[in-house]
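Everything below concerns the one structure shown next.
Just so it is clear, the model here is predicted, and its values are computed rather than measured. Order of the sequence lines sets the chain letters (A, B, ...), proteins ahead of strands, with each chain counted from 1.
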Amino acid sequence: MRCAIVDWYGRSARDLPWRGAGASAWGVLVSEFMLQQTPVVRVLPVWTEWMRRWPTPADLAEESRAEVLRAWGRLGYPRRALRLHASAAAIVESFGGEVPRTYEELLSLPGVGTYTAAAVASFAFGEREVVVDTNIRRVEARLVSGVAQPAASLTRAETDVAARLVPEQDGFGADSAARWNIAVMELGALVCTARSPKCVECPVVGDCAWVDAGRPAPPLDRPRRTQAWHGTDRQVRGAVMAVLRAAGGAADVAELGSAGEVAADRGVGGVARSRLGVAPTVVEVVYEPLAKLYALGAPQEQLERAVVGLVADGLAEWDGAAESQGTAEAILRLPR
DNA sequence: AATTCGTGGGC
DNA sequence: TGCCCAAGAAT
């Protein structure tokens, strides 16, 4: 059964630039950051340009956060870009500029959790690690457990199943564990998909507990996993970040002005002003176009919350250079 | 354990 | 159109 999946991978795997002998461990790590909750097709062009600009961790570590966030573009979850940047700095600081090899060392990096640590150890270094991502969870839920979907959150039982399936090193050829991990993941991505699985193309359809059971449907009453989007703070954060990315390099008043113009053209941007009091910072955001666009009940408060959140997360910062007499107009920009 | 955090394509 | 989903991590 495992051989059938590995053989299928040999025939059917996508040719992705972060796979294979040509890819560096850094390239693998970058790809894993970008692929967190983001589809491959959207990652490809950004990864390529990223590796051209910053071919080593040291190259990225020397870059400004603002430029890193711009290069991240519209991949989503921009905090991942900051964490990748911080990981690059940690790799330089603690590991001599080389991506560490072990699961524990990788796990110590910011933005690297259990999945990414195992994935990089496995895919970049060939270590025998138990990789469990959303694809692998779904494949094994069907193949082994006979249910349409895995549990809402990763369970011990799932990890045990995955661990049992990972072959010993050289169990069926060199790098057996890594090949198994990537093969199951690819099977989930291309064949054993969340919606409309292509069982007719599946190399192990004859061994599948879910197929044997007649492909039972998932429970109907499963809770919503996706947050509403329209009109949320999150949507506003995204709109503000888009404005800030569109701004030029280091922010000064002139550049913010250009950002405001760009935003006005699109109908979604604007100039944010803050009133910096003694403490805590009270941010008054003035932005009528955004309010009208989203037709929000309390748009100004919402924009204020979004901006404060972005600053708290290090995705934006205030330039208080114009501050005087306890009150100032400040410029919001990407962080240095 | 449940939430929060972007974005865009497919159905 | 609205909803679901995509190589998760941090809290």
**Request:** Give one of base, sugar-phosphate or nothing for A:L75, where a contact means two heavy atoms less than 4.0 Å apart.
**Result:** base
**Complete:** Considering only heavy side-chain atoms of A:W229, the closest of B:dT7, C:dA9, C:dC5 is B:dT7
**Request:** Using a 4.0 Å heavy-atom cut-off across all strands, classify A:V112 as base, sugar-phosphate, or nothing.
**Result:** sugar-phosphate
**Request:** Write down the distance separating the P atoms in B:dG6 and C:dT11, rounded off to the nearest Å.
**Result:** 15 Å
**Prompt:** Rounded to the nearest Å, what distance is computed from the CE atom of residue A:M34 to the P atom of nucleotide B:dT7?
**Reply:** 15 Å
**Prompt:** Base, sugar-phosphate, or nothing: which does A:W18 touch, judged by heavy atoms less than 4.0 Å apart?
**Reply:** base
**Message:** Counting only side-chain heavy atoms from C-beta out, which of B:dG6, C:dA7, C:dC5 sits nearest to A:E32?
**Reply:** C:dA7
**Asked** Do A:V184 and A:V147 belong to the same hydrophobic cluster, where Ile, Leu, Val, Met, Phe, Trp and Tyr are linked whenever their side-chain heavy atoms lie under 4.5 Å apart, directly or via other members?
**Response** no
**Fill in**
From CG of A:L190 across to C1' of C:dA7 the rounded distance in Å is 12 Å
**Fill in**
Of A:G111 and A:R14, the one whose closest nucleotide on DNA chain C sits nearer the 5' end is A:R14
**Prompt:** Checking only heavy atoms, does the side chain of A:R42 share a donor-acceptor pair with the base of B:dT7 at less than 3.5 Å?
**Reply:** yes
**Asked** Are any non-hydrogen side-chain atoms of A:W210 and A:L143 less than 4.5 angstrom apart?
**Response** no
**Message:** Say we look at C:dA7 and B:dC11: how far apart would their P atoms be, to the nearest angstrom?
**Reply:** 15 Å
**Request:** State whether the side chain of A:T232 and the backbone N or O of A:W229 hold a donor-acceptor pair below 3.5 Å, judged by distance alone.
**Result:** yes
**Message:** Mind checking if A:T114 touches a base, just sugar-phosphate, or nothing, with heavy atoms under 4.0 Å?
**Reply:** sugar-phosphate
**Message:** Output the rounded distance in Å from CZ (A:R74) to C1' (C:dA6).
**Reply:** 17 Å
**Message:** Go nucleotide by nucleotide along DNA chain B from the 5' end; which of A:S153 and A:R79 gets its closest nucleotide reached first?
**Reply:** A:S153
**Asked** What is the distance, rounded to the nearest whole Å, between atom CZ of A:F33 and atom P of C:dA7?
**Response** 18 Å
**Request:** Quick one: label A:L29 by what it contacts on the DNA or RNA (base, sugar-phosphate, nothing), any heavy atom closer than 4.0 Å.
**Result:** nothing
**Message:** Counting only side-chain nitrogens and oxygens, does A:R138 get under 4.0 Å of the OP1 or OP2 atom of C:dA6?
**Reply:** yes
**Prompt:** Can you tell which of A:V166, A:V120, A:I182, A:I136 makes a side-chain contact (heavy atoms from CB on, under 4.5 Å) with A:V131?
**Reply:** A:I136
**Message:** With a 4.0 Å cutoff (strictly under), does any side-chain N or O of A:R305 reach OP1 or OP2 of B:dT4?
**Reply:** no
**Request:** Describe the nucleic acid contact of A:T193 in one word from base, sugar-phosphate, nothing, applying a heavy-atom distance below 4.0 Å.
**Result:** nothing
**Distance, rounded to the nearest Å, where A:R137 contributes CZ and C:dA7 contributes P** = 12 Å
**Prompt:** So what does A:A194 touch, heavy atoms closer than 4.0 Å: a base, only the sugar-phosphate, or nothing?
**Reply:** sugar-phosphate
**Asked** Could you give the CD-to-C1' distance, from A:Q37 to B:dT3, as a whole number of Å?
**Response** 13 Å
**Message:** Within the 4.0 Å heavy-atom criterion, would you say A:G76 contacts the bases, only the backbone, or no part of the nucleic acid?
**Reply:** base
**Prompt:** In terms of side-chain geometry, is the basic nitrogen of A:R70 or A:E63 positioned less than 4.0 Å from the acidic oxygen of its partner?
**Reply:** no
**Message:** Between A:E140 and A:R164, is the salt bridge (Lys or Arg N to Asp or Glu O under 4.0 Å) condition met? List the steps.
**Reply:** CA-CA 11 Å; A:E140 293 178 358; A:R164 180 165 55 79; over 6 Å; no
**Prompt:** Can you check the A:L187 CG to C:dA6 C1' distance for me, whole Å?
**Reply:** 17 Å
**Asked** Just how far, in rounded Å, is C1' of B:dC5 from OH of A:Y77?
**Response** 5 Å
**Prompt:** Ignoring hydrogens and angles, does a donor from either the side chain of A:T38 or the base of B:dG6 sit under 3.5 Å from an acceptor on the other?
**Reply:** yes
**Asked** Touch check for A:R83, heavy atoms < 4.0 angstrom, all strands: base, sugar-phosphate only, or nothing?
**Response** sugar-phosphate
